[in-house]
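Model, not experiment: these values are computed from the prediction. One-based numbering, in listed order, for ligands and for the atoms of each.
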Amino acid sequence: MTTSDCLPSSRAPSSQPTYHTSLLTAIDSRNHVHLILGTNSLAATRVAQSLAAGAKPILVAPPPPEDKPLHYSLQKHIDDGVLTWIPRRLVGEDILDRGRAEVGRVVDAVFVTSTEDMGWSEEVSRHCKRHRVPVNVVDAPALCTFTLLSTHVDGPLQVGVTTNGRGCKLASRIRREVAAALPSGLGDACARLGEVRRRIQEEDRLATKGNTDVVPAMEEVEEVTDEGVDDSLDQTSSFNKLVTEADLDAAKTRRMRWLSQVCEYWPLKRLAAITDADVDAVLQSYHDTVAGPLDAASTPPSPRLGRVILAGSGPGHPDLLTRATHKAILSADLILADKLVPSGVLDLIPRRTAVHIARKFPGNADRAQEELLSLAMAGVREGKTVLRLKQGDPFVYGRGGEEVEFFRREGMADDRVVVLPGVTSALSAPLFAGIPVTQRDVADQVLVCTGTGKKGLPPAPPEWVASRTVVFLMALHRIGGLVGELTGRVQGEKEDGEGGKRRLWPLDAPCAVVERASCPDQRVIRTTLRYVEEAIETEGSRPPGLLVVGRACEALYTPEKGRRWVVEDGFRGLDLDDFVAPGIAAME
Ligand code: SAH
């Protein structure tokens with residue numbers, strides 16, 4: 001777990017790394033000129049890397065002794081005409097004269113591949129530094145201005161690892177493990193999604209021909225997406241409105257939102273398997289007016305009605321699944337999962353089982369819900385066991401109750417609809433952040449509420465009770481508004497309501513933002529109501545997340561004086577494998 005602190009002074013950086021880290025960049029090296037000094041196998045590797053990045057390597061090295069021929073791959077590149085060889089020692093002018101005309105002929109990078117003559121390497125490094133030419137000297141970190149990452153390449157996808165000089169073997173091992181954890185086909189998926197992005201932009205450009213508006217960049221669009229709000233709930237009226245062709249501006253933003261939500265929420269395995277048909281189906285769903293792929297009425301009825309299991313899948317970590325839900329996952333014929341269902345849980349679904357993940361994204365929430373319910377009924381009529389898999393607990397802000405009502409209206413008897421509980425994020429996220437929601441002499445009650453009301457209206461703010469812990473779900477995207485409502489009077493609020501004046505919340509009430517609880521990238525921001533908005537703005541968001549407020553936030557944690565907020569990154573709450581039973585330890 002890593003921690004970073006925000007210092008009170010506005011000039012101070014918001015996070016203080018414990019170790020020196022580098023600025024990782026990806027350099028478009030097409031047509032760059034790289035000087036590679038040496039003829040050993042490392043020189044051959046550098047030449048290959050340079051060529052792979054589209055650069056033009058020049059080998060500068062005296063010919064090797066007669067009995068030691070030039071490395072075969074270097075010789076091949078020279079024979080193929082893609083590598084120039086200057087068969088002598090480097091001179092200063094090579095660095096300043098061999099580059100591209102557009103950068104005044106200075107070369108773009110220099111690689112020293114041998115440690116034999118350190119004095120000379122130092123001289124080359126000094127010369128490069130003086131002329132601001134990036135230089136890399138093997139095994140001499142002090143002489144380098146940049147180092148190379150251990151990389152995994154899959155199509156357009158590159159994953160790089162550095163330990164910042166702590167050992168390239170270690171970096172390469174970590175890179176291998178990271179790469180092994182990625183599903184195959186991810187590179188292709190990156191290419192395909194990049195193509196979708198281009199297509200959306202191109203179509204929007206054509207559709208708005210004559211309109212000078214610029215299509216928003218993906219990054220801009222991402223800023224306005226909801227933050228883990230479960231869009232199975234109603235948002236603002238515009239949020240749920242079906243996009244019509246007349247509403248091109250909204251449509252283009254929403255299609256981009258779909259794309260960013262797919263990237264954010266789909267399990268990587270599913271993303272890696274994305275097909276053109278998937279993409280077409282979703283893009284098309286903006287224009288269709290009929291229900292989803294399965295029309296319930298046209299399904300041939302089975303003599304025996306199937307059943308529906310509505311189950312919660314917990315906050316994120318698959319170990320938090322109940323055994324009942326796990327059994328349901330293994331036995332279902334059809335699984336209809338919500339968008340927020342954690343990928344670790346989806347991974348447990350047997351290969352043979354048909355799965356449909358809700359196509360819920362801003363602008364399509366109601367349609368997606370209808371589609372899921374019609375798929376469920378179609379399955380039930382075919383005699384199937386249909387599992388409606390929801391995130392957290394199905395009855396805690398999960399529309400579970402409404403779904404039960406729907407199935408009853410469709411004529412299903414109560415014994416055909418089973419509801420299984422799940423570990424709710426409302427209680428487990430505080431726990432994983434080290435916040436006991438109740439504790440004697442600190443908090444004797446807990447309130448779970450939403451920060452977003454129906455149709456986007458803010459819900460009535462609860463009053464401050466010193467001994468109460470309050471958990472706000474679906475609140476982080478409008479944190480400023482929420483804090484304002486808690487700490488001040490809201491429009492139309494009577495100074496003296498029926499039950500007396502609502503007690504306002506103090507600005508120094510301790511609170512914590514808990515994001516992606518129980519996931520490997522869990523993050524906790526500990527602060528007070530006064531700084532929570534600024535903290536989220538500074539640190540950015542990592543949906544889904546919730547807000548916990550109350551003295552319980554400081555029951556097991558003592559804030560350091562003068563710190564506006566503290567960020568804790570990472571999750572170790574379920575590393576039970578680290579605890580070796582004494583009996584087993586004795587056997588080892
Ligand atoms: N039925 C779910 C809640 C659905 S509402 C449950 O019982 O957990 C969706 C909201 O839940 C999100 O906006 C966020 O506030 C919260 N949430 C869900 N998973 C979370 C997680 N892993 N960490 C923090 N908050 C989470």
Side-chain angles (χ1 to χ4, degrees), residues 225-235 239 261 264-265 267 310-322 325 337-346 358 360-362 365 368-369 388-404 419-435 437 446-454 456 459 469-479 482 511-526 532 536 539 541-549 553 568-571 573-574:
T225 56
D226 64 310
E227 303 186 273
V229 168
D230 178 2
D231 33 26
S232 64
L233 282 163
D234 286 324
Q235 306 301 319
F239 205 74
Q261 295 233 334
E264 182 81 43
Y265 290 110
L310 250 139
S313 61
H317 198 294
D319 285 3
L320 297 173
L321 215 57
T322 63
T325 300
D338 273 351
K339 183 185 77 180
L340 282 178
V341 169
S343 57
V345 171
L346 295 177
K360 278 181 191 169
F361 42 88
Q369 180 75 6
R388 268 293 283 125
L389 201 53
K390 299 185 148 283
Q391 197 251 355
D393 182 278
F395 279 1
V396 179
Y397 294 113
R399 271 200 184 186
E402 289 168 44
E403 292 193 15
V404 171
V419 187
L420 302 176
V423 174
T424 178
S425 63
L427 296 177
S428 58
L431 181 147
F432 288 126
I435 300 169
V437 288
V446 193
L447 175 67
V448 176
C449 44
T450 173
T452 307
K454 213 171 172 190
T469 306
V470 186
V471 184
F472 292 95
L473 276 68
M474 296 171 280
L476 299 182
H477 65 289
R478 56 174 304 271
I479 189 72
L482 177 67
C511 68
V513 172
V514 190
E515 294 165 293
R516 300 186 71 84
S518 81
C519 301
D521 53 350
Q522 171 179 304
R523 186 173 69 175
V524 181
I525 304 176
R526 300 184 197 277
V532 66
I536 292 176
E539 304 294 339
S541 70
R542 199 178 283 184
L546 50 73
L547 177 75
V548 193
V549 198
C553 293
E568 290 165 9
D569 224 325
F571 176 71
L574 290 170

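- If you number the atoms of ligand 1 from 1 as listed, the ones under 4.0 Å from a heavy atom of D393 come out as 1 (N), 6 (C), 7 (O).
- Y397 contributes a side-chain N or O that, together with a main-chain N or O of T450, makes up a donor-acceptor pair within less than 3.5 Å.
- For the pair A429 and ligand 1, the shortest N or O to N or O distance does not fall below 3.5 Å.
- Between A517 and ligand 1, a contact under 3.5 Å exists for at least one N or O pair.
- A distance-only check finds a donor-acceptor pair linking the side chain of T452 to the backbone of M474 [under 3.5 Å].
- Residues passing the side chain to side chain contact (heavy atoms under 4.5 Å, CB included) test with S428 are P315, V423, F432, sequence neighbours excluded.
- Within the 4.0 Å heavy-atom cutoff, G545 counts among the residues contacting ligand 1.
- The option with the heavy atom closest to atom 4 (C) of ligand 1, from among F432, F472, F571, Y397, is Y397.
- Checked by distance only, ligand 1 and E515 stay at 3.5 Å or farther apart across all their nitrogen or oxygen atoms.
- Geometrically, ligand 1 and P315 share a nitrogen or oxygen pair separated by less than 3.5 Å.
- For the residue pair E568 and Q522, no side-chain donor N or O sits within less than 3.5 Å of a side-chain acceptor on the partner.
- Considering both main-chain and side-chain atoms, M474 comes within under 3.5 Å of ligand 1 through a nitrogen or oxygen pair.
- Not counting sequence neighbours, the partners of T322 by the side chain to side chain donor-acceptor pair (under 3.5 Å) test are T325.
- At a 4.0 Å heavy-atom cut-off, ligand 1 touches V514 through the backbone alone.
- One N or O on the side chain of S518 and one on the backbone of H317 form a donor-acceptor pair closer than 3.5 Å.
- Contacts between R516 and ligand 1, counted as non-hydrogen atom pairs separated by less than 4.0 Å, involve the backbone only.
- Side chains of E402 and Q369 form no contact here, defined as non-hydrogen atoms less than 4.5 Å apart.
- Near T424, meaning under 4.0 Å from one of its heavy atoms, ligand 1 places the atoms 6 (C), 7 (O), 8 (O).
- Side-chain N or O atoms of R516 include none that pairs as donor or acceptor with a backbone N or O of R542 at under 3.5 Å.
- Of the candidates G312, G400, G392, S425, it is S425 that places a heavy atom closest to atom 20 (C) of ligand 1.
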